[in-house]
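Please find one structure pasted underneath; my questions will follow.
To find a chain, count down the sequence lines: A is the first, B the second, and so on, and within it residues start at 1.
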Amino acid sequence: MVDNEGKFAELVCALVAQIPAGRVMTYGQIAGLCGNARASRIVGGIAHYGPVDLPWHRVVNKRGGLASGYHGGRQAQKLHLEAEGVTVIGNNDNFFVNIDELIWAPNK
DNA sequence: CGTGTGACGCGAG
DNA sequence: CCTCGCGCCACAC
């Protein structure tokens, strides 16, 4: 298999695109699966600078908190998750999900 | 090609 | 759980 060619962004995009509805992944996990567990920030960078056609709203940080600056607003992100059956807790700009229950991983 | 920056992670308190 | 601080590496300009 070609594995990761160094196309970090490509892998991240592919992985995010594979996240099933009602599930979430952490930046660190995605980064790790892409080959660089320390590149967690890069994942966020790609999300912001990169394509907008991916379900970034399913990507959360390890605390289960939704990211900042989501394309459309954090509240939109909350709505997307709830629409997929995810329990989102929080107010205003602080949104959290049951990461321990909703965390997902590929090959599974 | 160099610089800056970031939608983060983790350890320690 | 929170905050503080450092590291991390790819992407945008």
Subject >> Of Gly50(A) and Ala39(A), the one whose closest DNA chain C nucleotide lies more 5' >> reply: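 Its nearest nucleotide being more 5', the pick is Ala39(A).
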Under 3.5 Å, which donor-acceptor pairs do the side chains of residues 47-59 of chain A form with other protein atoms, sequence neighbours left out?
from, atom 1, to, atom 2, distance (Å)
Trp56(A), NE1, Pro51(A), O, 2.9
His57(A), ND1, Tyr70(A), OH, 3.4
His57(A), NE2, Glu84(A), OE2, 3.3
Arg58(A), NE, Glu84(A), OE1, 3.0
Arg58(A), NE, Glu84(A), OE2, 3.1
Arg58(A), NH1, Ile19(A), O, 2.7
Arg58(A), NH2, Glu84(A), OE2, 2.5

**OP:** Linking directly or through intermediates, with side-chain heavy atoms under 4.5 Å: list the remaining ILVMFWY members grouped with Ile99(A), chain and number order.
**Re:**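 Via sub-4.5 Å side-chain contacts, Ile99(A) links to Val24(A), Val60(A), Leu66(A), Leu81(A), Val86(A), Val88(A), Phe95(A), Val97(A), Leu102(A), Ile103(A).
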Subject >> Hydrophobic cluster partners of Phe96(A) (side-chain heavy atoms under 4.5 Å) >> reply: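 Via sub-4.5 Å side-chain contacts, Phe96(A) links to none.
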Original post:
Residues from residues 98-107 of chain A sitting under 4.0 Å of DNA chain B, heavy atoms only?
Top reply: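 By residue number: none to list.
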Close N/O contacts between protein and nucleotides 3-10 of chain B (under 3.5 Å):
from, atom 1, to, atom 2, distance (Å)
dG6(B), N7, Arg41(A), NH2, 3.2
dA7(B), O4', Ser68(A), N, 3.3
dA7(B), O4', Ser68(A), O, 3.2
dA7(B), N7, His48(A), N, 3.2
dA7(B), N7, His48(A), ND1, 3.1
dA7(B), N6, Ala47(A), O, 2.7
dA7(B), N3, Tyr27(A), OH, 3.4
dC8(B), O2, Ser40(A), OG, 3.3
dC8(B), N3, Arg41(A), NH1, 3.3
dC8(B), N4, Arg41(A), NH1, 3.0
dC8(B), N4, Arg41(A), NH2, 3.3
dG9(B), OP1, Lys62(A), N, 3.4
dC10(B), OP1, Lys62(A), NZ, 2.3
dC10(B), OP2, Lys62(A), NZ, 2.8

Original post:
Do Phe8(A) and Val43(A) come close enough that some side-chain heavy atom pair is under 4.5 Å?
Top reply: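 Yes, close enough: below the 4.5 Å cut-off.
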**OP:** Just grab all the side chain to side chain donor-acceptor pair (under 3.5 Å) pairs involving residues 16-26 of chain A, residues at least two apart or on different chains.
**Re:** none
Original post:
What residues, two or more places apart in sequence or in another chain, satisfy salt bridge (Lys or Arg N to Asp or Glu O under 4.0 Å) together with Glu82(A)?
Top reply: Lys78(A)
Subject >> Partner residues of Arg74(A) under the salt bridge (Lys or Arg N to Asp or Glu O under 4.0 Å) criterion, sequence neighbours left out >> reply: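 Per chain and number, Arg74(A) pairs via salt bridge (Lys or Arg N to Asp or Glu O under 4.0 Å) with Asp93(A).
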**OP:** Scan for salt bridge (Lys or Arg N to Asp or Glu O under 4.0 Å) pairs involving residues 26-35 of chain A, sequence neighbours excluded, and state none if there are none.
**Re:**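 Qualifying pairs: none.
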